[in-house]
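Here's the structure we're looking at; comments come further down.
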Amino acid sequence: MDLGGAMRALRAADEALPQAEEHAAQLARQVKAEARARVEQARAELHRAIVAEYRAGARQVDLVKRTGYSRERVRQILRAGGVEAD
């Protein structure tokens, strides 16, 4: 490739860079949004499981130990699930 061709190739690549960066940023935003949605779904499933186990006879202290949540957080989850914990 001659000097003129090399210069044109450099300019073309340089001009394409902002578009490529924006495309990458859009993809990253999409991946993050999908990951957040999966986290929210998994959290909701965990909360339903906590409520179900409590209703099935599990003690709040055992749910605290198994989940790593604080006693207060487990109480909040149970209350949101329609259960008044002791």
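- Looking only at side-chain heavy atoms (C-beta outward), Y69 and I50 come within less than 4.5 Å of each other.
- Within a 6.0 Å radius of CD in E34, other residues, nucleotides and ligands contribute more than 12 heavy atoms.
- Each of R36, R38, R43 was evaluated against E40; a single residue qualifies, R43, per the side chain to side chain donor-acceptor pair (under 3.5 Å) test.
- A distance of 12.5 Å separates CD of Q41 from CG of L46, quoted to the nearest 0.5 Å.
- Atoms NZ and CG, from K65 and L63 in turn, are 11.0 Å apart once rounded to the nearest 0.5 Å.
- Only one option out of D62, V74, V83 pairs with Y54 in a side chain to side chain contact (heavy atoms under 4.5 Å, CB included); it is V83.
- Atom CZ of R73 sits in a crowded spot, with more than 12 heavy atoms from other residues, nucleotides or ligands closer than 6.0 Å.
- Distance check, rounded to the nearest 0.5 Å: CD of E72 to CZ of R75 gives 4.0 Å.
- Across all their heavy atoms, R71 and V64 have their closest contact at CA-CG2, 3.5 Å.
- In this structure, the separation between CG on L3 and CZ on R8 is 9.5 Å, given to the nearest 0.5 Å.
- Contact record, R29 with E22: NH2-OE2, 3.1 Å, taken as the closest heavy-atom pair.
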